[in-house]
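Written out below as structure tokens is the structure these notes cover.
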Amino acid sequence: MIERPRRLRSTAAVRRLVRETHLVPSQLVLPMFVAEGITEPRPIASMPGVVQHSRESARKAYAEAVELGLGGVMLFGVPEHKDAQGSGALDPEGILNVAIADARAEVGDDLLVMSDLCLDEFTDHGHCGVLDAHGRVDNDATVEIYGRMGVAQAQAGAHVVAPSGMMDGQIDVIRRDLDVAGHEDVVVLAYAAKYASAFYGPFREAVDSSLQGDRRTYQQDPGNRRESLRETLLDVEQGADIVMVKPAMSYLDILADVRAAVDVPVAAYQVSGEYAMVEAAAAQGWIDRDRAIDESLLSIRRAGADIVLTYWAAEVARRLRSR
Ligand code: PBG
């Protein structure tokens, strides 16, 4: 026998030598929820270990993220009051903009401060955009608000804005408005291929979502593969600096396609439901939690993601350091 692939698996040392894919803290981004009007962090039942932060507890987490060498934090705001226009998104005193400013004050340029650019946390109907007279999500009116929201986030101090609403033409308008306002250096991380997924379930609790119905008129149909390339190439054409696939684990084929199709960095979002599934099975003692977490993240990196957004970012970075 000439070929014996097992030779390269025979000891931990040789396996380490030939491993193709690695997890490193600098490529992990921690999504965080910051809630208005609370003084203590509030647990999220469907995401054990994840909380809605108070501004104060969030500050400690930003500092810890720097200390752990994470790539960034992705901030979501949970406002006390919502309205049809999602006006809290544009208000400099709105919770997300305030959280961005807190984060920048804490970390400076030592950690990338990223912000979700979408209206769903701020609208009382829970949709990612404003509605027209027929109750449909109005693409062009929404995109116009996104442009202003991007500028508000940049003014608050965001290094990276992350449009997640899946409106047509959103990257174009956001990029242009950022540039006109003098924020040429703010990075646009586009949720380019984003599916209408059941795996966002726990997130809806995390942001106190008021959504009735679903997002299928703007997020993609899980049955579609080619469509993701169309969406991604449009975002790159419009100036996206980084493109993202979401969710991650049920969409590894999409991730591999996107990686092969573009030259910009590719990110993937391991979403709330992916987190909840592993935590729930581990809590039952049905899987080895830490190994399942590492394996899930490795699979996402292996499929083509340079950057992974994961609720385990801090924990995994800590574990990598202690190895
Ligand atoms: C939209 C947004 C959502 C998530 C991130 N950004 C919810 C949605 O599209 O319905 C989901 C993240 C997760 O499930 O972890 N602002």
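Because the structure is a prediction, the values reported are computed rather than measured. Ligands are counted one by one from 1 in listed order, and the atoms in each one are counted from 1 as well. For this chain, numbers begin at 1 and follow the sequence in order.
With no hydrogens or angles considered, a side-chain donor-acceptor pair links H159 and D109 at under 3.5 Å. For the residue pair Q270/S296, the side-chain donor-acceptor check at 3.5 Å is satisfied.
Contact analysis puts Y311 in contact with ligand 1, with a non-hydrogen atom separation below 4.0 angstrom. Distances from ligand 1 to the non-hydrogen atoms of Q270 include no value under 4.0 Å. Residue contact check for ligand 1: K194 places a non-hydrogen atom closer than 4.0 Å to it.
Under 4.0 Å from ligand 1, heavy atoms of S272 appear from its side chain as well as its backbone. Contact annotation for V271 and ligand 1: heavy atoms of both the backbone and the side chain come within less than 4.0 Å of the ligand. Here F76 has side-chain heavy atoms under 4.0 Å from ligand 1, and that is the only part of it that gets that close. At a 4.0 Å heavy-atom cut-off, ligand 1 touches D116 through the side chain alone.
Taking a cutoff of 4.0 Å between a charged side-chain nitrogen and a carboxylate oxygen, E315 and R319 qualify as a salt bridge. Ion pairing of R259 with D306 is present here, as a side-chain N (NZ or NE/NH1/NH2) and a carboxylate O approach within less than 4.0 Å. Using a cut-off of 4.0 Å between Lys/Arg side-chain N and Asp/Glu carboxylate O, D208 and K82 are scored as not salt-bridged.
Near Y269, the atoms of ligand 1 lying under 4.0 angstrom from a non-hydrogen atom of the residue are 12 (C), 15 (O). Which parts of ligand 1 touch R204 is read off a 4.0 Å heavy-atom cut-off, strictly below it: atoms 8 (C), 10 (O). When each atom of ligand 1 is checked for a heavy atom of S164 under 4.0 Å away, the hits are 1 (C), 6 (N), 16 (N). Listed by atom number, the atoms of ligand 1 under 4.0 Å from E121 heavy atoms are 16 (N). Every atom of ligand 1 with a heavy atom of K246 under 4.0 Å away is listed here by number and element: 2 (C), 3 (C), 4 (C), 5 (C), 6 (N), 11 (C), 12 (C). Atoms of ligand 1 found under 4.0 Å from any heavy atom of D120 (numbered from 1 in listed order, with element): 1 (C), 16 (N). Listed by atom number, the atoms of ligand 1 under 4.0 Å from Q219 heavy atoms are 8 (C), 9 (O), 10 (O).
Taking atom 8 (C) of ligand 1 as the reference point, the nearest protein heavy-atom neighbour is R215 NE, 3.4 Å. For atom 12 (C) of ligand 1, the nearest protein heavy atom (residue, atom name, distance) is F203 CD1, 3.2 Å.
The two residues I100 and S115 make their nearest non-hydrogen contact at CD1-CB, 3.5 Å. In plain terms, the two heavy atoms of A292 and I287 that are nearest each other are CB-CD1, 3.7 Å. Closest heavy-atom contact between V186 and R175: O-NH1, 2.8 Å.
Note that the CG atom of L211 and the CD atom of E121 stand 11.5 Å from one another [nearest 0.5 Å].
Classification of the Y269-Y311 ring pair by plane angle, with boundaries at 30° and 60°, yields tilted.
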